[in-house]
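Sending over a structure as structure tokens; questions will come in a sec.
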Amino acid sequence: MSIHIDRNLCIGCGRCSEVCPGNLIKQQPQPGDRHTKAEIKCPQDCWGCTSCLKECPRHAIKFFLGADVGGRGSILSYQKKGSSSIWRVKGTDGTFQEITVNTKEANKY
Ligand code: SF4
Ligand code: SF4
């Protein structure tokens, strides 16, 4: 399992690097650009905590659900809308599944 970072969306804010518990995401300077771009080093060390997905303000990070976690190559993405956390899984056959979690209710019990 590992993440994929869309370099076209990344604005180099560094938030993903700050929250990754494994220190796996580095900010790479870009020639001719004052902004850095996030890059994952050692993707094999990513254990899928999804902190970086939740922190990215540009939704530039997606999570690859490989066979090792039963995902068969589906792609997980995250979006926050108000107090809702929206998780979407895009299957390899083009299907979508969506799970919405009300974060205000999530720790209620
Ligand atoms: S999913 Fe977790 S471990 Fe993997 S790169 Fe993102 S923050 Fe780091
Ligand atoms: S949090 Fe998102 S926008 Fe910010 S550096 Fe990471 S990938 Fe780029």
Side-chain angles (χ1 to χ4, degrees):
M1 69 178 89
S2 185
I3 58 165
H4 170 75
I5 303 171
D6 187 333
R7 293 168 61 85
N8 294 322
L9 292 176
C10 175
I11 53 171
C13 69
R15 285 161 68 166
C16 54
S17 301
E18 289 168 18
V19 298
C20 178
N23 197 23
L24 302 176
I25 306 173
K26 307 293 181 198
Q27 298 297 317
Q28 289 296 122
Q30 302 298 303
D33 191 340
R34 66 190 172 91
H35 295 294
T36 60
K37 296 280 183 185
E39 274 182 20
I40 183 163
K41 305 291 181 188
C42 306
Q44 70 275 14
D45 290 341
C46 169
W47 61 88
C49 71
T50 68
S51 299
C52 55
L53 274 78
K54 290 187 273 189
E55 200 63 31
C56 179
R58 299 276 293 161
H59 309 301
I61 306 176
K62 293 187 171 44
F63 191 71
F64 178 76
L65 297 162
D68 50 340
V69 291
R72 298 180 181 173
S74 4
I75 304 290
L76 176 69
S77 61
Y78 175 83
Q79 188 176 9
K80 181 141 183 75
K81 272 191 184 169
S83 61
S84 293
S85 286
I86 303 166
W87 296 92
R88 293 189 182 93
V89 179
K90 182 182 179 191
T92 51
D93 58 358
T95 55
F96 273 99
Q97 284 183 298
E98 188 171 291
I99 300 165
T100 302
V101 178
N102 183 336
T103 54
K104 285 186 178 167
E105 300 287 322
N107 296 321
K108 191 172 173 184
Y109 303 104

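Here, residue 1 is the first one in the sequence, and each next residue gets the next number.
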Identify the heavy atoms of Thr103 and Lys80 that sit nearest to each other, and give their distance.
->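 Where Thr103 meets Lys80 most closely, the heavy atoms are OG1-NZ, 3.6 Å.
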Indicate if Leu65 and Trp87 have the same hydrophobic cluster label, given that clusters are the connected sets of ILVMFWY residues with side-chain heavy-atom separations under 4.5 angstrom.
-> yes
State, to 0.1 Å, how close Ile40 and Cys46 come at their nearest heavy-atom pair, and which atoms those are.
->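 For Ile40 and Cys46, the tightest heavy-atom pair comes out as CD1-CB, 4.2 Å.
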With rounding to the nearest 0.5 Å, note down the distance linking CZ in Phe63 to CD1 in Ile75.
-> 10.0 Å
Lys37 side chain vs Gln28 backbone, donor-acceptor pair below 3.5 Å =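 No: the side chain of Lys37 does not pair with the backbone of Gln28.
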Which atom of Cys10 lies closest to which atom of Ile5, heavy atoms considered |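 Closest heavy-atom pair between Cys10 and Ile5: CB-CG2, 4.5 Å.
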Check Ser74 against Gly91 and note the closest heavy-atom contact, atom names and distance.
->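 Shortest heavy-atom contact: CB-CA, 4.0 Å.
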Please test Ile61 against Arg58 for side chain to side chain contact (heavy atoms under 4.5 Å, CB included), starting from the C-alpha separation and ending with a verdict.
-> CA-CA 8 Å; Ile61 306 176; Arg58 299 276 293 161; over 6 Å; no
Rounded distance (nearest 0.5 Å) linking atom OG1 of Thr36 with atom CD1 of Ile11 |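 Going from the OG1 atom of Thr36 to the CD1 atom of Ile11 covers 9.5 Å.
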Rounding to 0.5 Å, atoms NZ (Lys54) and OG (Ser85) come to a distance of 7.0 Å
Are Ile3 and Val89 grouped together when hydrophobic residues (ILVMFWY) are joined by side-chain heavy atoms under 4.5 angstrom apart?
->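 Cluster IDs for Ile3 and Val89 match.
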To the nearest 0.5 Å, atom CZ of Arg15 lies from atom SG of Cys52 at 12.5 Å
Please test Cys16 against Gln27 for side chain to side chain contact (heavy atoms under 4.5 Å, CB included), starting from the C-alpha separation and ending with a verdict.
-> CA-CA 9 Å; Cys16 54; Gln27 298 297 317; 3.8 Å; yes
State whether the side chain of Thr100 and the backbone N or O of Ile86 hold a donor-acceptor pair below 3.5 Å, judged by distance alone.
->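 Not a single qualifying donor-acceptor pair exists.
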With a 4.5 Å limit on heavy-atom distance, are the side chains of Glu18 and Glu55 in contact?
->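 Of all side-chain heavy-atom pairs linking Glu55 with Glu18, none is under 4.5 Å.
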Within 6.0 angstrom of Lys90 NZ, more than 12 heavy atoms from elsewhere | no
Does the Gln97 side chain pair with the main chain of Thr95, one donor and one acceptor, at a distance under 3.5 Å?
->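 Answer holds: no.
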Residues Lys26, Glu39: salt bridge by 4.0 Å N-O rule = no
When you measure from the side chain of Ser17 to the backbone N and O of Ile25, does any donor-acceptor pair fall under 3.5 Å?
->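 Confirmed, Ser17 side chain pairs with Ile25 backbone.
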Are any non-hydrogen side-chain atoms of Ser51 and Cys20 less than 4.5 angstrom apart?
-> no
Side chain His59, main chain Tyr78, donor-acceptor under 3.5 Å |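 A pair under 3.5 Å: yes.
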To the nearest 0.5 Å, tell me how far Leu9 CG sits from Arg7 CZ.
-> 12.0 Å
